[in-house]
Amino acid sequence: MAREFQRGHKAKISDLTAGTDLYVGVQIAAPGLTFDISCFGLDANEQLSDDRYFIFFNQPKSPEESIQLLGAQSGDTESFRVTLDRIPAAIQKLSFTATLDGAGQMSQIGPGYIRIVAGGEEVVRYSFTGSEFTTERAVMLGDFYLKDVWRFAAVGQGFDGGLDALLKNFGGEVAEEEAPPAPAPAAPGFAPPAQAAAPPAFGAPAAPSAPQAPQPAPSFGAPSAPTPPPAPQQPVHTAPTIAAPLAPQAPQAPVAPQAPQAPSPYGQPQQPQFGQVPGQAAPPAAPFGQQAPAPYGQPAPAPYGQQPPGSMPPGAPQGVPQGVPATGAGLQAALQPYKETATGQRWTPQNQQLMRVDLTMGGAGVLARQGSMVMYQGKVDFGYKSAGFVGRAVGNATGQEMQLMRCTGRGQVFLAEEGSHLHPVELQGDGICVSAENVLAFDESLQYEVRRVEGHGIPGGALFTMLFQGTGTVVVKTHGTPVVLPVTPTTFADCNAVVAWSAASQVIVSSQVRLRRNAYPGHSGETVNLQFRGAPGNFIVVQPYEV
């Protein structure tokens, strides 16, 4: 029986099947859209160091044929044969991706899946729908990766760019063939690879005639599906031939899709951008004889300023002449630098003071300071997280208990706090100590505990710091741009200015008793510092600010 995977689930191939000759099927479709389904063979650095292991419609197999593109069959939009024991040692990861060929976005797709079949039996399936994506034009569906043994991971990570951007992300380059104008017979390089020659028993039927009666499934092929035969694929791809590495080409601006939707107030068929809220109440109309204010960032065109009273219908945008569509070209240009940034990553800084976390990636929830949410999109649940996170000792000792909220669901949450600078710190099995006052949010998958640095003269009697370890991201907030310094035998920092330090560093309270009491009127000066000690490679982070 096939195991149902969710996004982020991983398993050893040996736990799924004893075989190494596998069939990988992908099903993805949307009305009016065409998809390119590919496999990237990556090295230990997750880079496409050998372009012969980029398996796509124009290169259907690797040199030793350990990865082969089979075409559409058994209800799958595209399928592959993967022979794990024949893959060269230089290839450490196989990433299966789907990209849009033309205009559109991944939120338009219907229910789809990626599945693995071994010995004629489906052993694992990861299902997904368009509701998990927004404006992405590519998606990384699943990975085979070598970590002692071959494993499979359900990824489901969207990527804003198309196939060319995805190829560049893996270290390849894109070039468009400038073919001379010639007759349009089907070029061999663009012909479906499944029709090139009679494939082995696991492949799709070679005859392009009407659907044949179901045949027994091969030892590693896809099981015969009772579903109707898939719709015929488009025989010719409209995208340019892609090869890596070649000369890079500047990405083209996406063409607005001709979707049968009502235009937004500013003429954009996609989601509203920063500052554009459909249905927002319009400002009051200008008095008769006076020029109505022009939209932000758009010069006031000449004669539309004088309009008779009552000429503007209720709720209509002001400052726009009647009969002229509000295209908002100037407004779009003015707001373009502030639009949402989507990189396909779980944590994405929108600017220095605003952080976006995509809860649809990674699977685990996020813990953040209560009140730090400025907006969210999608279905997000916010729950209270008790003070057990920082330990009740913190609240009892200082009276300043850290209040947290737990964010779960499927959507994006935007976080900020009092204009502080935000810095995502990704941990890969290592650790870092962060002052509790400088923690904004972090992945719930991280292990954390409270440490107390006690010392006479420290405000509150102690400095509470959080130790984070494991794999995940912690967002650190600072006043201004911080600086990272190496730890030396003579490294001292003010306890109010220190933000974080390496987990292996030793912290000692140091009293500077030589300062005179009358150094400053009514103040004794910096009487207490923290001294840091540690082996080479340790560091501290300080901010240009004192409480």
Side-chain angles (χ1 to χ4, degrees), residues 1-28 37-44 46 50 52-53 55 60-98 112-128 140-157 193-194 198-205 214-227 363:
M1 182 176 180
R3 291 176 56 180
E4 289 288 342
F5 272 25
Q6 301 296 325
R7 183 201 302 260
H9 283 188
K10 304 175 183 178
K12 296 179 181 179
I13 297 296
S14 57
D15 293 340
L16 303 175
T17 177
T20 59
D21 202 355
L22 307 177
Y23 172 98
V24 179
V26 175
Q27 204 283 328
I28 184 170
I37 302 173
S38 313
C39 175
F40 291 85
L42 309 176
D43 58 20
E46 298 190 3
D50 189 342
R52 298 177 300 170
Y53 289 89
I55 309 305
K61 61 183 179 180
S62 60
E64 73 292 327
E65 299 186 358
S66 62
I67 314 167
Q68 302 178 42
L69 186 71
L70 305 181
Q73 58 177 315
S74 302
D76 298 328
T77 309
E78 189 62 89
S79 59
F80 300 82
R81 180 186 185 183
V82 177
T83 311
L84 293 177
D85 53 4
R86 296 178 59 187
I87 296 177
I91 303 301
Q92 302 280 301
K93 185 175 184 179
L94 304 180
S95 181
F96 294 90
T97 67
Y113 60 78
I114 179 173
R115 62 173 181 161
I116 301 176
V117 178
E121 179 181 357
E122 182 175 316
V123 295
V124 67
R125 175 185 291 237
Y126 162 53
S127 302
F128 52 86
M140 291 178 274
L141 302 172
D143 292 341
F144 286 177
Y145 64 100
L146 186 61
K147 186 179 180 181
D148 300 329
V149 295
W150 281 102
R151 306 166 188 256
F152 174 73
V155 180
Q157 179 176 336
F202 59 83
Q215 299 180 2
S219 59
F220 54 84
S224 300
T227 56

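Since the structure is predicted, the reported quantities are computational estimates derived from the model, not experimental observations. This chain uses plain numbering: 1 for the first residue, then up along the sequence.
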What verdict does the side chain to side chain contact (heavy atoms under 4.5 Å, CB included) test give for Val82 and Asp21, after you've listed the backbone C-alpha separation in whole Å, the side-chain angles of each residue and the deciding distance to 0.1 Å?
CA-CA 6 Å; Val82 177; Asp21 202 355; over 6 Å; no
Report the C-alpha separation of Arg115 and Asp76 in whole Å, then their side-chain angles, then the decisive distance to 0.1 Å, and conclude whether the salt bridge (Lys or Arg N to Asp or Glu O under 4.0 Å) test is met.
CA-CA 9 Å; Arg115 62 173 181 161; Asp76 298 328; 3.0 Å; yes
Evaluate Asp15 against Phe152 for side chain to side chain contact (heavy atoms under 4.5 Å, CB included), listing each step before the verdict.
CA-CA 10 Å; Asp15 293 340; Phe152 174 73; over 6 Å; no
Walk me through whether Val24 and Phe96 qualify under side chain to side chain contact (heavy atoms under 4.5 Å, CB included).
CA-CA 9 Å; Val24 179; Phe96 294 90; 4.1 Å; yes
CA sep, side-chain torsions, deciding dist, call: Arg125, Arg3, side chain to side chain contact (heavy atoms under 4.5 Å, CB included)
CA-CA 6 Å; Arg125 175 185 291 237; Arg3 291 176 56 180; over 6 Å; no
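A 4.5 Å side-chain heavy-atom check between Thr17 and Leu22 finds at least one atom pair inside the cut-off. Using a 4.5 Å cut-off on side-chain heavy atoms (C-beta onward), Val117 and Val123 make no contact. Taking the side chain as every heavy atom from C-beta outward, Ile67 and Lys61 never approach each other to under 4.5 Å. Residues Val26 and Ile114 form a side-chain contact, since some pair of their non-hydrogen atoms from C-beta on lies under 4.5 Å apart. In this structure, the side chains of Asp43 and Ile91 stay at 4.5 Å or more apart for every pair of heavy atoms. Within the 4.5 Å cutoff, the side chain of Ile13 has heavy atoms near those of the Leu84 side chain. In this structure the side chain of Pro60 never reaches within 4.5 angstrom of the side chain of Gln68, judged on heavy atoms. Residues Leu94 and Phe80 fail the side-chain proximity criterion, which asks for heavy atoms closer than 4.5 Å.
When all heavy atoms of Met140 and Thr97 are compared, the closest pair comes out as CG-CG2, 3.9 Å. Between Tyr126 and Arg7, the shortest heavy-atom contact is CE1-N, 3.7 Å. Heavy atoms only, all atoms of each residue included: Arg52 and Ile55 are closest at O-CD1, 3.8 Å. When all heavy atoms of Tyr113 and Gly75 are compared, the closest pair comes out as OH-O, 3.6 Å.
The existence of a salt bridge linking Arg86 and Glu65 is excluded, since no basic side-chain nitrogen approaches an acidic carboxylate oxygen closer than 4.0 Å.
To the nearest 0.5 Å, atoms CG (Leu42) and CG (Leu146) are separated by 12.5 Å. For the atom pair SG of Cys39 and NZ of Lys93, the computed distance is 11.5 Å after rounding to the nearest 0.5 Å. One finds the OG atom of Ser79 at 9.0 Å from the CD1 atom of Ile37 (value rounded to the nearest 0.5 Å). How far NZ of Lys10 is from CG of Asp143: 9.0 Å, rounded to the nearest 0.5 Å. Here the CD-OG distance, from Gln27 to Ser127, works out to 9.5 Å after rounding to the nearest 0.5 Å. Separating the CD atom in Gln92 from the CD atom in Glu46 is a distance of 10.5 Å, to the nearest 0.5 Å.
A distance-only check finds a donor-acceptor pair linking the side chain of Ser62 to the backbone of Ser66 [under 3.5 Å]. Listed for the Glu78 side chain is a donor-acceptor partner under 3.5 Å among the backbone atoms of Gly71. Side chain of Thr77 to backbone of Ile28: a donor-acceptor contact under 3.5 angstrom is found.
The aromatic rings of His9 and Phe5 lie perpendicular to each other, with more than 60° between the two planes, well past the 30° mark.
Ring-centre distance between Tyr53 and Phe40: not below the 6.0 Å cut-off.
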